Colleague: 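Pasting a structure here, questions to come.
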Amino acid sequence: NAGVTQTPKFQVLKTGQSMTLQCAQDMNHNSMYWYRQDPGMGLRLIYYSASEGTTDKGEVPNGYNVSRLNKREFSLRLESAAPSQTSVYFCASSEALQMGGVYGYTFGSGTRLTVV
Amino acid sequence: AQSVTQPDIHITVSEGASLELRCNYSYGATPYLFWYVQSPGQGLQLLLKYFSGDTLVQGIKGFEAEFKRSQSSFNLRKPSVHWSDAAEYFCAVGADTGRRALTFGSGTRLQVQP
């Protein structure tokens, strides 16, 4: 099925460990995003990539890095995990950055990360 | 900067009753407005979007939303709620220009009573 695939679905890390969240889309979308979802705070943008070869910081980028590996893949890395990074992480993609992505965003099913 | 406010954190309605979820936005130019729904343990699914033209937009699953520029609102409505509508609903605003991704509200959780 066409869409956005995120791996892993669940992960438990110890404080200080590193990990990379993977995201791939097969819709030939230009723009990709990483959001985190926390109770009562909605979705907050971590990083985004308007097009292949570009990345930009969002609202809450501290403690994260990203790589737009190619047009399909956009990974999120936690270099030294902290308990404050316990959250559900969503990757999304869209046709374009502006105008809400033109047709809106397509979301992956999320990665539930717990840092202990 | 663009922002979205969803004043209601949690709403409970009876099955068959009508529903209205509120959304207020802040954006200087013409906004691009969206409603998304999230079922438990799932990602977000697009319900409907407003770009321009008719201020009443129809979406999937029988939902509609009305854009009111004078009130900076984009409220979501459904005439008769079904138990399967229980979920969390997010309003979002996008920019027409510039390097800005969608900004989401904090969400409204809908509970449906039998």
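What's counted below: heavy atoms across the whole structure, side chains too, no hydrogens, waters or symmetry copies. Since we're looking at a predicted model, the values are computed, not measured. Letters go in sequence order (proteins before strands), and every chain restarts at 1.
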Colleague: With rounding to the nearest 0.5 angstrom, report the CZ to CD distance, A:Phe107 to B:Gln38.
Modeller: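 So the CZ of A:Phe107 and the CD of B:Gln38 are separated by 9.0 Å.
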Colleague: Between A:Leu43 and A:Val60, is there shared hydrophobic-cluster membership here, with clusters defined by ILVMFWY side-chain heavy atoms closer than 4.5 Å?
Modeller: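 No; tracing contacts between hydrophobic side chains, which count when under 4.5 Å, never links both residues.
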Colleague: Are the side chain of A:Tyr33 and the backbone of B:Leu102 linked by a donor-acceptor contact shorter than 3.5 Å?
Modeller: no
Colleague: Does CG in B:Asp54 sit with more than 12 non-hydrogen atoms of other residues, nucleotides or ligands closer than 6.0 Å?
Modeller: no
Colleague: Is it true that atom CD1 of B:Ile9 has more than 12 heavy atoms of other residues, nucleotides or ligands lying nearer than 6.0 Å?
Modeller: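 No - once you tally the heavy atoms of other residues, nucleotides and ligands closer than 6.0 Å, there are 12 at most.
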Colleague: OG of B:Ser106 to CG of A:Asp38: how many Å apart, nearest 0.5 Å?
Modeller: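 The CG atom of A:Asp38 is 12.0 Å from OG of B:Ser106, to the nearest 0.5 Å.
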Colleague: Tell me if a side-chain donor or acceptor on A:Tyr35 pairs with a main-chain N or O of B:Phe104 at a distance below 3.5 Å.
Modeller: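 Flag not set: sc A:Tyr35 to bb B:Phe104 has no pair under 3.5 Å.
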Colleague: Under a single-linkage definition using a 4.5 Å side-chain heavy-atom cutoff for Ile, Leu, Val, Met, Phe, Trp and Tyr, are B:Tyr36 and A:Val4 assigned to the same hydrophobic cluster?
Modeller: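 B:Tyr36 does not cluster with A:Val4.
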Colleague: Is A:Leu13 reachable from A:Val88 through a run of hydrophobic residues whose side-chain heavy atoms are each under 4.5 Å from the next?
Modeller: no
Colleague: Select one option (side chain, backbone, both, neither) describing which atoms of A:Leu45 are under 4.5 Å from chain B's heavy atoms.
Modeller: side chain
Colleague: Which atoms of A:Gln37 are under 4.5 Å from chain B, going by heavy atoms: the side chain, the backbone, both sets, or neither?
Modeller: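 Looking at A:Gln37, just its side chain touches chain B.
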Colleague: Hey, is CZ on A:Arg112 packed in by over 12 heavy atoms from elsewhere, all under 6.0 Å?
Modeller: no
Colleague: Between B:Leu46, B:Val4, B:Val93, B:Leu44, which residue shows the highest count of heavy-atom pairs closer than 4.5 Å to chain A?
Modeller: B:Leu44
